Amino acid sequence: MAAIRLTTEIPGPKSRALAERRLLAVPRGVSQLTPVFVSRAEGAILEDVDGNRFIDMAGGIGCLNAGHGAPGTLEALREQADRFLHTCFMVTPYEGYVRLAERLNAITPGNFPKKTILLNSGAEAVENAVKIARARTRRSAIICFEDAFHGRTQLALSLTSKTHPYKAGFEPFCGEIYRVPYANCYRCSYALSYPKCEMFCASVLEETFRKVVAAESVAAIIVEPVLGEGGFVAPPPEFLATLHDICRRHGILLIADEVQTGFGRTGKMFACEHYGVAPDMIVTAKTLGGGLPLSAVTGRAEIMDHTDPGSLGGTFGGNPLACATALATIDAIERDGLCARATILGERFRRAAFAWQRDFPLIGDIRGIGGMQAMELVRDRNSRTPATEETKRLIQFACKRGVILVAAGNYGNVIRLLMPLVISDEEFDEALSVIQGSLETVCEAERVGAQVVV
Ligand SMILES: Cc1ncc(COP(=O)(O)O)c(C=O)c1O
């Protein structure tokens, strides 16, 4: 039986009524990527307020790798809710926080003593990692990358790359932040090609230390092991290791932002494992909470312990409900083999996407690692002109046909897959056939120069 069930036009009347109320009550700056309002969700399926059922290929932007209501999470949540909701870990601690810290210390890459602080959002965790790095090294500069996304609070936003819609108008940004190109081989900032480039984008950092900021002023390099918002760019195998070597040479800390890549998405628990690199600090969020707001910084014990009591924390960081769902989520990922499942789903997508690429000139690049897969849409394969409008239309078509998709990339022209990894083969194939149908419609409209009414 098909997973998708559409009983009204999309959006239906109840979603439309809620959208009108939303418009009056919520600022425009909070985008609405999908026109339907959700009423319930399970596994990889969303049901909207009009009773339509969708396959969720966005997973709350990568927060639901273990699925909506993953096995064990709701039970853990109820069990914790029956006992207490909040005390503030800094005032009267509880075991869930400690257990989760122990668990993250154990499962993150790096065979050395670690400690973990829990926070509420990816941005907050990024900010804490930067604070700790600066305190530990007594240096102030941070190096980050083009196409990076690290969040929307002021320091995290200063590290984020994309100007529109994220940064423009929110100046001034924090000081001592230096940005260098990422290993984005499809759109290389140096117009080089791999492997002939010999990883110029990483080794050129030594030049940056001569011309832009002295190495001994740099506290940390913060990097996404695979770009998330930046377009699902998996760098060549030696990129991270080269950065790590440069860091070690100069006493700079390496911070890996695994907010989007973590918890099985790439086919391993953490993307750094693909690259054989154990960063000094690793930032996690999204799927960590299994749907509840939770983030973490896990790092070398001597680094994490550097600052004095009271210098780190927050009222709600490591909320007991979120700790309970996090522990159950990690259990589910391990017990249900979701890392291996991510790899299988990724391969299934790649087979379909490479076949589509033969028929649809719109598909410029297909890339990714494990279940973190994407296709970049271009108006012309030679010039690689981004097909931003076509990407928007494709997402709208897919939604009308029962599949929720989200875009990524500096030009908003990348379709990325962030489906719950518990999606069944049948649901996944159904979603792929909707994507194919939507590609056909967009490409046909392009061919005949027609305006498509979505
Ligand atoms: C890599 C990365 N870092 C940080 C963040 C910010 O996380 P949050 O939205 O929870 O603040 C995101 C969010 O998409 C992300 O993808």
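As the structure lists them, so they are numbered: ligands from 1, and atoms in each ligand from 1. Only a predicted model underlies this, so the values are computations on that prediction, with no experimental measurement involved. Just so you know, residue 1 is the first one in the sequence shown, and it goes up from there.
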**Request:** May I ask you to establish whether Arg384 and Tyr186 are in a cation-pi arrangement, using a distance under 6.0 Å from NZ or CZ to the six-membered ring centre and at most 45° from the ring axis?
**Result:** yes
**Message:** Can you see whether Thr298 engages Lys115 through a side-chain donor-acceptor pair at a distance of less than 3.5 angstrom?
**Reply:** no
Do any nitrogen or oxygen atoms of ligand 1 lie under 3.5 Å from a protein nitrogen or oxygen, and which ones?
from	atom 1	to	atom 2	distance (Å)
ligand 1	3 (N)	Phe149	O	3.3
ligand 1	3 (N)	Asp257	OD1	3.2
ligand 1	3 (N)	Asp257	OD2	2.7
ligand 1	10 (O)	Gly122	N	2.8
ligand 1	11 (O)	Gly122	N	3.4
ligand 1	11 (O)	Ala123	N	2.8
ligand 1	14 (O)	Lys286	NZ	3.0
ligand 1	16 (O)	Gln260	NE2	2.8

**Request:** Only pairs at least two apart or in different chains count here, so list each ring-ring contact (aromatic ring centres under 6.0 Å, His included) that has a residue in residues 229-251.
**Result:** Phe145-Phe239, Tyr182-Phe239, Phe209-His250
**Message:** Glu229 vs Lys162, test: salt bridge (charged side-chain N to carboxylate O under 4.0 Å, His left out). Steps then yes/no.
**Reply:** CA-CA 9 Å; Glu229 287 293 314; Lys162 194 171 176 175; 5.7 Å; no
**Item:** Aromatic Phe112 / basic Lys114 pairing, under 6.0 angstrom, 45° off normal
**Value:** yes
**Asked** Among side-chain atoms of Gln260 and Arg416, is any donor-acceptor pair under 3.5 angstrom?
**Response** yes
